[in-house]
Structures are given as structure tokens and as C-alpha cells.
There are 2 protein chains.
Amino acid sequence: MSSRRGERVSPEQVDEDRVFKALASSTRRQLLDALKNQARTTGDLCERFPHLDRCTVMQHLRVLEAAGLVIAQRKGRERWNHLDPLPIKHIHDRWIGDYASAAVGMLATLKSDLERRTP
Amino acid sequence: MSSRRGERVSPEQVDEDRVFKALASSTRRQLLDALKNQARTTGDLCERFPHLDRCTVMQHLRVLEAAGLVIAQRKGRERWNHLDPLPIKHIHDRWIGDYASAAVGMLATLKSDLERRTP
DNA sequence: TCGACATGTTATAAAGCTATAACATGTCGA
DNA sequence: TCGACATGTTATAGCTTTATAACATGTCGA
């Protein structure tokens, strides 16, 4: 596996990158939101995004599937799309959580500074 | 504010989108990591990414700055880049945390199912 | 002050992404 | 079985991002 510039990267990094890239599109985040509480067929999703072409929805679903965020299974002539939140949890645990708690720490420091200054 | 397709979106959505898009590049995530523990000058960052052109680094820094993830201040002829983790915390709180805890809930359910099955 | 240094600006080629069109396949039920 | 339906595939135009080049500006110190 190698990046555009040719250096080697680990499979985990590739997965992580795919998830971040999948989340980078607001349309795809909306699709995930639509799948959050229940699985839906592709046709159902298309109805919920009337401004998008059916092909566009499918293309986005393919990106989400490649990132492991959506799992699809065929039932007869329908395709049921299920959300899998695990990849999001992974990047949360390995990446985002650190920054979020750094921000909390920063705010805590700021708060105690302010309190010290205005007794 | 309007998207590529012309529908209206709120300024918060735009900010959120900018943050997600900024995080979508592995190079930019590495830049953030380099700034995690200390602020650095642009020149310092360029030395740490020797495979990238100086202009490329600056362009990435501009994207990070537009997303509010990096705050820059000039000191003489140097530019010091500081990390601001707050925008990451925001998308964490408003978006990612939900999915991460959904994943935890899913795992918990699975675990208790397994335990019930193998007493 | 003047040259080396750090950074900023503008332009551009190449690669990638988004949305759509046109056509193909597979499945259900009258 | 056969037509309507749901989905799949391939191709493509237009826009965006990435990486670089060439040139410009501002600042420090000998």
C-alpha cells in the first residue's frame, strides 16, 4: 500500500484515512444519520435525498461501504444498508478523543486561571 | 451560505464541514500531531516534512487555519502556528461521540448476548 | 544598509471527487 | 413468463484539491 507520493503506509493508516475521507462529505454524513436508527434500502435513501441522483446516492454508499461504515446485504431485489459505527469509534479512540480531552484540559486551565484572577 | 447544489446551509454546518474536510487529509492530520505538544514555526514544520514542498505545507496550514484548527501569529520574521483543539471537540460532541457510544452500546449488547448463550 | 533568511502570493498541471447519463442485470408478482 | 421494479455498471463533464514553480515582501543582524 502506498500513498500518492509513493511512501509506504500501514493498512491501519489506510483504513483510518478512508474513514476520515468518507466523513469529509456532508452528504455522506447525512446518509449515515439516516441509517443511524434503522437500516434502509437504497430506494428509501434515494427518496430521502430527492435533490440527489440515484447514482450519486449509490456512489456515496460505495464510499461508505469501502470505509466499513455501511454494511450492505441483498434481500431479494432490495439492498439493505446498515450502519456500522465501529470505524467511527476507532478513529475516536485513536485520534479524536485525545484532541477533545486536550480541549477540555485547555478550558479547565483557562477557567481556573480566570477564577484565580477574579476572586 | 449555499452549497455546490445551491441549497441553503447554516454557518455552523459550514464550519463543521470545514473541520471534517480539513481532517480528511492525512498530511494535515500529521501536521496537527506535530503541533499537538508545542507551537512551531512554519520553517520548523517544513523540516519535519522534507518530502513536501514548502508551499504545500503552507497551503495545508491555510486550510487548517480556515477550519479554526490552527491559529497563527507572526513574531518578527517567523510565523508561529498553534493548535486549537476546540473545533475537534465540537465535532466530537455534536457528531462523533454519538456514534462512538452507539458502537459501545452495540458491543455491550453483543457481549451480553454471548454471555447469555455460553453460561 | 544590505544580504541572507523566513514567509507570502499567484499561477498551473495533474489527480481526485461529485453528479449525472445511458445502459445492463436480476427479481418479484400478476 | 413477462413487464415493472430495484439495483448495478461504465463513462464523462465539471469542479476541487494537491503539489510545485516563480516571483514578491518583510525582517534580522553583521
Side-chain angles (χ1 to χ4, degrees), chain A residues 1-7 9 14 17-32 34-35 39-67 69-82, chain B residues 1-7 9 14 17-32 34-35 39-67 69-82:
Chain A
M1 203 50 86
S2 62
S3 76
R4 190 190 322 204
R5 304 204 72 291
E7 70 276 19
V9 284
V14 173
D17 199 57
R18 259 202 275 267
V19 176
F20 273 113
K21 287 210 157 59
L23 295 180
S25 147
S26 130
T27 302
R28 284 194 292 267
R29 291 197 301 278
Q30 288 171 45
L31 280 168
L32 291 182
L35 296 175
R40 295 185 190 280
T41 67
T42 305
D44 183 357
L45 285 172
C46 289
E47 277 176 29
R48 279 158 204 278
F49 295 84
H51 56 291
L52 290 181
D53 192 88
R54 185 182 58 86
C55 299
T56 306
V57 172
M58 288 192 55
Q59 219 163 353
H60 282 305
L61 284 173
R62 237 174 289 147
V63 174
L64 290 169
E65 205 176 355
L69 289 163
V70 162
I71 295 170
Q73 56 176 322
R74 274 205 92 134
K75 278 262 172 69
R77 62 178 155 178
E78 288 172 329
R79 168 189 157 125
W80 285 85
N81 304 281
H82 301 257
Chain B
M1 201 50 83
S2 64
S3 75
R4 193 188 320 206
R5 304 203 72 297
E7 70 276 18
V9 284
V14 173
D17 198 58
R18 260 203 274 266
V19 176
F20 272 112
K21 287 210 157 57
L23 295 180
S25 147
S26 131
T27 301
R28 284 194 291 266
R29 291 197 302 279
Q30 288 170 44
L31 280 168
L32 291 181
L35 296 176
R40 293 186 190 278
T41 66
T42 306
D44 184 358
L45 285 171
C46 289
E47 276 175 31
R48 279 157 203 280
F49 295 84
H51 56 292
L52 291 180
D53 192 88
R54 185 180 59 88
C55 298
T56 307
V57 172
M58 286 191 58
Q59 219 163 352
H60 282 306
L61 284 173
R62 237 175 289 147
V63 174
L64 290 169
E65 205 175 355
L69 290 163
V70 162
I71 295 170
Q73 55 175 321
R74 273 205 93 136
K75 278 263 171 68
R77 61 178 157 179
E78 288 173 328
R79 169 190 156 125
W80 285 85
N81 303 280
H82 301 257

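Each chain gets a letter, A, B and so on, in the order its sequence line appears, and its residues count up from 1.
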*Sugar-phosphate or base contact per nucleotide [nucleotides 22-30 of chain C; S, B, -; heavy atom under 4.0 Å]*: B----BS--
_Position toward the 5' end of DNA chain C (nearest nucleotide), B:C46 or B:K21_ = B:C46
_Over all atoms of both residues, closest heavy-atom pair of B:S26 and A:D17_ = CB-OD1, 3.6 Å
*List the atom of B:A39, the atom of B:H82, and the distance in Å for their closest heavy-atom pair.*
CB-ND1, 3.5 Å
*Determine whether B:F20 and B:R18 make a side-chain contact, defined as any pair of heavy atoms from C-beta on separated by less than 4.5 Å.*
no
*In dot-bracket, 5' to 3', how would DNA chain C read with Watson-Crick or G-U wobble pairs under 3.5 Å, [ ] for crossing ones and | for pairs to another strand?*
||||||||||||||||||||||||||||||
_Measure CZ/A:R28 against P/C:dC17 and give the value in whole Å, please._
8 Å
*Nearest whole angstrom, please: distance from the P of D:dT10 to the CE of A:M58.*
12 Å
*Counting distance only, does the side-chain N/O of B:R40 pair as donor-acceptor with the main-chain N or O of B:A34 below 3.5 Å?*
yes
*Phosphate-side-chain proximity, B:T56 and D:dT20, N/O vs OP1/OP2 below 4.0 Å*: yes
_Closest listed nucleotide, where the reference is the side chain of B:R62 and the choices are D:dA6, C:dA19, C:dT9_ = C:dT9
_Value in whole Å for how far the P atom of D:dT18 lies from NE2 of B:H51_ = 13 Å
*Rounded off to whole Å, could you give me the CD-to-P distance for the B:E78 and C:dA4 pair?*
19 Å
Please report, to 0.1 Å, the donor-acceptor pairs under 3.5 Å made by any side chain of residues 54-67 of chain B, with sequence neighbours excluded.
residue, atom, partner, partner atom, Å
B:H60, ND1, B:R28, NH1, 3.1
B:E65, OE1, B:R79, NH2, 3.2

*B:H60 vs D:dA19: side-chain N/O to OP1/OP2 distance below 4.0 Å*: yes
_How many whole angstroms separate atom CD of A:Q59 from atom P of C:dT20?_
11 Å
*To the nearest Å, give me how far apart CZ (A:F49) and C1' (C:dT20) are.*
18 Å
*Would you kindly give the CG-to-C1' distance between B:D17 and C:dT18, to the nearest whole Å?*
13 Å
*Measure the spacing between CD of A:E78 and CG of A:D44 and express it to the nearest 0.5 Å.*
9.5 Å
*Rounded to whole angstrom units, what separation is found between the CZ atom of A:R40 and the C1' atom of D:dT7?*
18 Å
_Beyond-backbone contact of A:L23 with A:L32, side-chain heavy atoms, under 4.5 angstrom_ = yes
_Ignoring hydrogens, what is the shortest heavy-atom contact between A:L35 and A:N81? Give both atom names and the distance._
CD2-O, 3.5 Å
*asked:* So, does B:R79 get its side chain near the phosphate of C:dA6, meaning an N or O under 4.0 Å from OP1 or OP2?
replied: no
*Over all heavy atoms of both residues, which pair between A:R74 and A:G76 is shortest? Give the atoms and the distance, please.*
NE-O, 3.5 Å
*Compare the minimum distances between each of C:dT7, C:dA19, D:dA19 and the side chain of B:T42, then state the nucleotide with the smallest one.*
C:dT7
